[in-house]
Amino acid sequence: MMEWNIGYAMEFSVNLGKSGDGIRDHLPEELWEMLTATYASAELSAIEDTHDRLQSLFFFCAQRVAEQGDFVFREEEARRVRSACATLR
């Protein structure tokens, strides 16, 4: 989703490289910090917190991609995904 977000922002004119190696070069600092905050230690509480941050970042980017690509972002579906993931804690 991050790559699609960058693609729309850059009008799909940049190559992000194999496995997104070039993402860092094309992200605002705020999004880069949000992305790097999704890497957790091996502690369960850290993994759970990281998963929450990753969901937030995914849905943030998904909404932007939906707006820019003229897609429908299904808010209710996003809420159900978050709700289902919350039961895993």
Side-chain angles (χ1 to χ4, degrees):
M1 193 54 62
M2 188 67 68
E3 291 178 14
W4 278 92
N5 188 46
I6 293 168
Y8 277 108
M10 305 298 291
E11 297 181 354
F12 296 96
S13 63
V14 298
N15 182 345
L16 298 178
K18 183 179 175 183
S19 301
D21 296 349
I23 285 178
R24 173 66 182 111
D25 298 333
H26 302 285
L27 278 183
E29 191 63 29
E30 176 187 7
L31 283 180
W32 178 251
E33 289 176 12
M34 291 171 70
L35 179 62
T36 58
T38 64
Y39 293 87
S41 68
E43 296 176 27
L44 182 57
S45 63
I47 292 169
E48 291 171 341
D49 292 342
T50 297
H51 188 258
D52 290 341
R53 285 193 300 271
L54 186 57
Q55 283 184 79
S56 294
L57 180 57
F58 178 86
F59 290 128
F60 173 79
C61 288
Q63 287 174 317
R64 291 174 70 175
V65 167
E67 290 169 7
Q68 295 171 346
D70 200 27
F71 302 113
V72 174
F73 179 78
R74 297 183 177 125
E75 297 276 346
E76 180 57 32
E77 187 174 349
R79 278 192 287 279
R80 287 195 314 263
V81 168
R82 282 189 173 274
S83 178
C85 289
T87 65
L88 301 174
R89 285 186 158 224

Tell me the closest heavy-atom pair linking Gly20 and Glu3, and the distance in Å. CA-OE2, 3.3 Å
May I have the step-by-step check of side chain to side chain contact (heavy atoms under 4.5 Å, CB included) for Leu31 and Ile6, ending in yes or no? CA-CA 11 Å; Leu31 283 180; Ile6 293 168; over 6 Å; no
Side chain to side chain contact (heavy atoms under 4.5 Å, CB included) evaluation trace for Arg24 with Leu35: CA-CA 10 Å; Arg24 173 66 182 111; Leu35 179 62; over 6 Å; no
Considering all heavy atoms, the nearest Tyr8-Gly69 contact: OH-CA, 3.2 Å
Same cluster (ILVMFWY, side-chain, under 4.5 Å), Phe60 and Met1: no
Following the transitive rule for hydrophobic clusters with a side-chain heavy-atom cut-off under 4.5 Å over Ile, Leu, Val, Met, Phe, Trp and Tyr, establish whether Phe58 and Leu27 coincide in one cluster. no
Is Val14 reachable from Val65 through a run of I, L, V, M, F, W or Y residues, each pair having side-chain heavy atoms under 4.5 Å apart? no
Gap between atom CG of Asn5 and atom CD1 of Ile23 - 0.5 Å precision: 10.0 Å
Using the salt bridge (Lys or Arg N to Asp or Glu O under 4.0 Å) rule, take Glu75 and Arg80 through it: C-alpha gap first, then chi angles, then the decisive distance, then the call. CA-CA 9 Å; Glu75 297 276 346; Arg80 287 195 314 263; over 6 Å; no
Shortest non-hydrogen contact from Met10 to Ser13? O-OG, 2.6 Å
Do Trp32 and Leu16 land in one hydrophobic cluster if side-chain heavy atoms of ILVMFWY residues count as linked below 4.5 Å? yes
Is Arg82 salt-bridged to Glu77, going by a charged N under 4.0 Å from an acidic O? no
Between Glu76 and Arg79, does any side-chain N to carboxylate O distance fall below 4.0 Å? yes
Quick one: do Phe71 and Phe12 end up in the same hydrophobic cluster if we chain Ile, Leu, Val, Met, Phe, Trp and Tyr together by side-chain heavy atoms under 4.5 Å apart? yes
Separation between CG of Asp49 and CG of Leu54, rounded to the nearest 0.5 Å: 12.5 Å
Hey, mind stepping through Thr50 and Arg53 against side-chain hydrogen bond (donor to acceptor under 3.5 Å, both in side chains) and telling me if it holds? CA-CA 5 Å; Thr50 297; Arg53 285 193 300 271; 3.0 Å; yes
All heavy atoms of Cys85 vs all of Gln55, minimum pair found to be CB-NE2, 3.7 Å
If you count heavy atoms of other groups shown closer than 6.0 angstrom to CD of Glu43, is the number above 12? no
Under 6.0 Å from the CD atom of Glu11, do we count more than 12 heavy atoms belonging to anything else shown? no
